[in-house]
S.K.: 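Below you'll find the structure I mean.
Predicted model, so just to flag it, every value in this text is computed and none were measured. Heavy-atom basis, side chains included; hydrogens, waters and symmetry copies ignored.
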Number of protein chains: 2
Amino acid sequence: MALRNHVEWALYCCVVLATLPPGQYVSTKALAAFYGLPKDYLHKALQRLSKAELVETAPGPMGGYRLAKASGAITTLDIVEAIGASDSLYRPTSIHSRLPFLRDDNVSEGSAIDRLMYAAERQWRRSLHSVTLQELAQSYERDFDADGWQKNVSDIRERRWLET
Amino acid sequence: MALRNHVEWALYCCVVLATLPPGQYVSTKALAAFYGLPKDYLHKALQRLSKAELVETAPGPMGGYRLAKASGAITTLDIVEAIGASDSLYRPTSIHSRLPFLRDDNVSEGSAIDRLMYAAERQWRRSLHSVTLQELAQSYERDFDADGWQKNVSDIRERRWLET
DNA sequence: GAGAGACTACTCGGATACAGTCTGTCCGAGTAAATCCGG
DNA sequence: CCGGATTTACTCGGACAGACTGTATCCGAGTAGTCTCTC
């Protein structure tokens, strides 16, 4: 998959954004420090989310990112596609169209092999599409101790991670 | 996806092998010439199929590759996995395990985000697993004029492509 | 005509080079909150 | 105490370098049919 790390990082960052009190911004620096990621590179991932209008940005101090919609209105597929641009998992070459005896009406639609791969990819997308960011965040919260995740997020909000 | 071209090429070659009369071998050279692919590089893809025991090889003149099992007993997922090695679409980094407040019993199994991506990947695999090479070959045949595909395959078998 | 040797056509595996993408860093420009400073 | 200038902390976007992987080529070794040559 294209931009492997970015997809993963974007999901982790969105989960934080989804847990924050509504309206609150969080900076790239805060997210990078919390997750131990390279700030500038993570920033590029967040920029893509911004371009896809999944998050809103605010410049200046106290600025940063926040969700542009309710977390229940964002699917995990939205996030993955925002990062991966329009990249498909499968990119056919032009093998097929060079062959003789092709039926004219089938050339433009790709071969049976293309259709096979695209169908599989649709299932992949469908699976991601069926989970909203809200559900993912709730599910992620359960990976932590009681209130553990909330504690982490408020640490991010209050910049406590910088004191160490 | 890892080795994009190899996955595609392997599927095209397997479709030829599935159409051939049983027991007949076809050489890398023949397949490469027919599809207009670089012989030596295509050869590496076929070697992987051989290693996965999907195809059998025979050295010497008249040698080459043939299917090791009936085409109905090979799924398209078998072929894709044979090429892609054990590569997963999603490769998590160690972001998750570094966080505080994690529940001990959840650390080793990966985070909710890992599970999300793996679930999507399972759907992708399931889709490929549900189509056998036999079905793919039949479907591919329909992309051609009546008997067009059969004509192509017998051209390969009789090495007619070299005369041009 | 039969058998031994040379030849040919293929597979197999490793070494290597090139290109493209992923990963990561750096910097300058723009913006807005916070701070400072003079009146 | 007020208002304007400065500082600070962030986003945004581009340029760039290094590493990794995908793409492709080449070569030598091994194997098995095929051909030739000799007896």
S.K.: Could you tell me which residues satisfy side-chain hydrogen bond (donor to acceptor under 3.5 Å, both in side chains) with Q123(A), sequence neighbours excluded, listed by chain and number?
M.R.: none

S.K.: Test of understanding: with side chain to side chain contact (heavy atoms under 4.5 Å, CB included), list the residues that count as partners of D78(B), not counting sequence neighbours.
M.R.: L54(B), I74(B), T75(B)

S.K.: Enumerate the salt bridge (Lys or Arg N to Asp or Glu O under 4.0 Å) contacts for residues 49-67 of chain A, please, sequence neighbours excluded, ordered by first and then second residue.
M.R.: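 Output for this query lists E56(A)-R66(A).
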
S.K.: Round to a whole Å and report the spacing from CG of L42(A) to C1' of dT25(C).
M.R.: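 Between C1' of dT25(C) and CG of L42(A): 14 Å.
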
S.K.: Would you please confirm or rule out a distance under 4.0 Å between OP1 or OP2 of dT23(C) and any side-chain N or O of R4(A)?
M.R.: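 Looking at the OP1 and OP2 atoms of dT23(C), one of them is under 4.0 Å from a side-chain N or O of R4(A).
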
S.K.: Verify the ring-centre separation between Y25(B) and Y65(B): is it less than 6.0 angstrom?
M.R.: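 Aromatic pair excluded; centres sit 6.0 Å or further apart.
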
S.K.: Rounding to an integer number of Å, can you tell me how far L31(B) CG sits from dC10(C) C1'?
M.R.: 13 Å

S.K.: What integer distance in Å separates E53(A):CD from dT11(D):P?
M.R.: 18 Å

S.K.: How many whole angstroms separate atom NE2 of H6(B) from atom P of dT25(D)?
M.R.: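 Interatomic distance, NE2 of H6(B) to P of dT25(D): 11 Å.
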
S.K.: Provide the full list of salt bridge (Lys or Arg N to Asp or Glu O under 4.0 Å) pairs with a residue in residues 127-140 of chain A, sequence neighbours left out, each pair given once.
M.R.: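 Checked against salt bridge (Lys or Arg N to Asp or Glu O under 4.0 Å) - neighbours excluded - no pair reaches residues 127-140 of chain A.
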
S.K.: Rounded to whole angstroms, how far apart are OH on Y25(B) and P on dT31(D)?
M.R.: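 Distance check: Y25(B) OH to dT31(D) P gives 16 Å.
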
S.K.: Check side chain to side chain contact (heavy atoms under 4.5 Å, CB included) between P21(B) and all other residues, then give those that pass, not counting sequence neighbours.
M.R.: Q24(B), R157(B)

S.K.: With a 4.0 Å cutoff (strictly under), does any side-chain N or O of T28(B) reach OP1 or OP2 of dT11(C)?
M.R.: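 Yes.
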
S.K.: Just wondering, more than 12 heavy atoms not from R126(B) lying within 6.0 Å of its CZ?
M.R.: no

S.K.: Checking K39(B) now: which residues fulfil side chain to side chain contact (heavy atoms under 4.5 Å, CB included) with it, not counting sequence neighbours?
M.R.: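 For K39(B), the residues satisfying side chain to side chain contact (heavy atoms under 4.5 Å, CB included) (neighbours in sequence not counted) are T28(B), K29(B), A32(B).
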
S.K.: Give the rounded distance in Å between these two atoms: CZ of R48(A) and P of dT11(D).
M.R.: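 Value for this atom pair: 18 Å.
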
S.K.: Taking five pairs at each end of the helix from dG1(C)-dC39(D) to dG39(C)-dC1(D), what angle separates the two helix axes (nearest 10°)?
M.R.: 10°

S.K.: Nearest-nucleotide wise, let me know which of K39(A) and Y41(B) is further upstream toward the 5' end of DNA chain D.
M.R.: K39(A)

S.K.: In whole angstrom, give the distance that lies between atom CG of L37(A) and atom C1' of dG24(C).
M.R.: 12 Å

S.K.: Who are the side-chain hydrogen bond (donor to acceptor under 3.5 Å, both in side chains) partners of S50(B), not counting sequence neighbours?
M.R.: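 Here no residue qualifies.
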
S.K.: If the sugar-phosphate is the primed atoms plus P, OP1 and OP2 and the base is the rest, what is the B/S/- string for nucleotides 29-36 of chain C, using protein heavy atoms under 4.0 Å?
M.R.: --BBB---

S.K.: So, using side chain to side chain contact (heavy atoms under 4.5 Å, CB included) as the criterion, who are the partners of A112(B) when residues are at least two apart?
M.R.: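 A112(B) satisfies side chain to side chain contact (heavy atoms under 4.5 Å, CB included) with L136(A), S139(A), Y140(A), D143(A), R115(B) once adjacent residues are dropped.
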
S.K.: List for me each residue that meets side-chain hydrogen bond (donor to acceptor under 3.5 Å, both in side chains) alongside Y35(A), sequence neighbours excluded, and say none if there are none.
M.R.: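 Y35(A) satisfies side-chain hydrogen bond (donor to acceptor under 3.5 Å, both in side chains) with no residue once adjacent residues are dropped.
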
S.K.: Could you go over nucleotides 12-20 of chain C and give all protein N or O partners under 3.5 Å, atom names and distances?
M.R.:
| unit_1 | atom_1 | unit_2 | atom_2 | d |
| --- | --- | --- | --- | --- |
| dC12(C) | OP1 | T57(B) | OG1 | 2.3 |
| dC12(C) | OP2 | Y65(B) | OH | 2.7 |
| dG13(C) | N7 | Q47(B) | NE2 | 3.4 |
| dG14(C) | O6 | K44(B) | NZ | 3.0 |

